[in-house]
Amino acid sequence: MGSIIHFEEIDSTNNYLKERCASLPHGTIVTADRQTAGRGRFSRKWESQTGGLYFSVLIKPQHTHFWPNFTQLMGLSLCRAIEKLFPNTYLKWPNDVLADGKKLCGILSEGVLAGGRLEGMIIGTGVNVGQRTMPPVGQPATSLYMLGVQTDKHLLMQDIMHYFWQDYPAVEQQGFAAICGPYKKRFPFIGKDITVKNGEKPLFGTVRDVSERGTLLLATASGQEEIYIGDLIV
Ligand code: BTN
């Protein structure tokens, strides 16, 4: 299922795959020990010093119907692998992984378009593994080391990817519905009051559910809203 390309240092593993999307096969993985220009969601910087796990996977789905759901599949795969090491690990919609209430992993997915069609999708994942401290990143963050867990980051990536490829065919056929049950089991915010930010005005409400499409259903003062993208502030 594609090869693994490793760098000691790179600007961003996502950039590497974006620039070579046409020539590399489905399933190619790029990893790096550190990134000099690691990127996060909403144009944020992703701190990428030595000790963390940084990798990107190139996928070329047969069709585009369910492409946002592959990011949620990666979130679930991260959670499944990490909860075996640290049980209080859970998902914050759409795809952050928190441990003890602090951010442990992040995912940045990017589509590559060619001639008006989606040529590939890059799922870039950062896991705070061996960092002794975490620089301030706008929200509380932690690492496995800070949580008292010492692990081999290469074995951890193998385990994450095992879960990812295991459910990939089902998500490609059915989308989020294929993983809705296990995802919701790890999403402890149903019934909680939260704020969603997606660049526009923040929305306040109570989380009702995650739909079979993977969207967030939020009860607000003006009725139920279906949220497709955003950042949950809890
Ligand atoms: C987030 O904002 O939470 C997403 C962070 C994603 C970081 C990863 S690290 C590997 C890949 N390369 C990047 O430049 N970003 C992603």
Side-chain angles (χ1 to χ4, degrees), residues 2 4-21 24 27-59 67-79 81-82 89-99 101-112 120-131 134-144 153-154 156-158 160-161 164 186-187 189 194 196-199 214 216 227-234:
I4 299 182
I5 305 168
H6 177 73
F7 293 92
E8 277 179 18
E9 183 177 287
I10 196 170
D11 55 351
S12 154
T13 53
N14 269 32
N15 290 356
Y16 183 92
L17 286 176
K18 260 173 103 171
E19 286 154 15
R20 294 161 184 83
C21 177
L24 290 171
T28 305
I29 297 177
V30 177
T31 65
D33 291 334
R34 54 187 179 273
Q35 300 181 113
T36 53
R39 295 182 288 110
R41 294 170 73 219
F42 304 111
S43 308
R44 289 187 289 237
K45 179 176 177 218
W46 183 259
E47 292 293 340
S48 305
Q49 65 271 53
T50 307
L53 169 63
Y54 313 106
F55 69 98
S56 300
V57 189
L58 172 64
I59 59 169
W67 72 268
N69 303 130
F70 293 109
T71 312
Q72 291 171 308
L73 170 61
M74 181 58 85
L76 176 63
S77 308
L78 286 162
C79 214
I82 295 171
T89 301
Y90 48 92
L91 289 162
K92 182 166 77 84
W93 184 91
N95 48 51
D96 275 349
V97 177
L98 305 189
K102 297 177 182 153
K103 182 152 168 159
L104 184 65
C105 314
I107 307 172
L108 173 68
S109 290
E110 299 182 282
V112 179
M121 188 180 157
I122 291 140
I123 306 179
T125 303
V127 185
N128 302 326
V129 178
Q131 292 98 322
M134 290 303 301
V137 286
Q139 66 173 302
T142 192
S143 70
L144 285 173
K153 60 183 183 171
H154 303 292
L156 177 62
M157 189 183 83
Q158 269 179 28
I160 296 163
M161 291 312 298
F164 184 82
R186 293 167 174 84
F187 176 67
F189 297 100
I194 53 109
V196 184
K197 273 173 57 180
N198 65 1
L216 187 79
I227 321 276
Y228 289 82
I229 188 165
D231 237 358
L232 233 71
I233 316 295
V234 293

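These numbers come from the heavy atoms of this one structure, side chains and all, not from hydrogens, waters or symmetry mates. A quick note: this is a predicted structure, and the numbers were derived from the prediction, not measured. In each ligand, atom 1 is the first atom listed, and ligand 1 is the first ligand listed.
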Exercise. So which of Arg41, Gln139, Lys92 actually passes side chain to side chain donor-acceptor pair (under 3.5 Å) with Asp231?
Worked result: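 Testing Asp231 for a side chain to side chain donor-acceptor pair (under 3.5 Å) against Arg41, Gln139, Lys92 leaves exactly one candidate, Arg41.
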
Does the [X] side chain pair with the main chain of [Y], one donor and one acceptor, at a distance under 3.5 Å?
| X | Y | value |
| --- | --- | --- |
| Tyr54 | Gln49 | yes |
| Tyr90 | Gly101 | yes |
| Trp93 | Gly230 | no |

Problem set entry | Asp33, Val127, Leu144, Asn128 screened by side chain to side chain contact (heavy atoms under 4.5 Å, CB included) with Leu53, the one that passes |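 When side chain to side chain contact (heavy atoms under 4.5 Å, CB included) is applied between Leu53 and each of Asp33, Val127, Leu144, Asn128, only Val127 qualifies.
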
For this session: Sequence neighbours left out, what passes side chain to side chain contact (heavy atoms under 4.5 Å, CB included) with Arg34? Give chain and number order.
Result: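 Expected list: Glu9, Thr50.
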
Which atom pairs, nitrogen or oxygen on both sides, join ligand 1 and the protein at under 3.5 angstrom?
| residue | atom | partner | partner atom | Å |
| --- | --- | --- | --- | --- |
| ligand 1 | 2 (O) | Arg41 | N | 2.7 |
| ligand 1 | 3 (O) | Lys103 | NZ | 2.6 |
| ligand 1 | 12 (N) | Thr13 | OG1 | 3.2 |
| ligand 1 | 12 (N) | Gln35 | OE1 | 2.9 |
| ligand 1 | 14 (O) | Ser12 | OG | 2.7 |
| ligand 1 | 14 (O) | Arg39 | N | 2.8 |
| ligand 1 | 15 (N) | Arg39 | O | 2.7 |

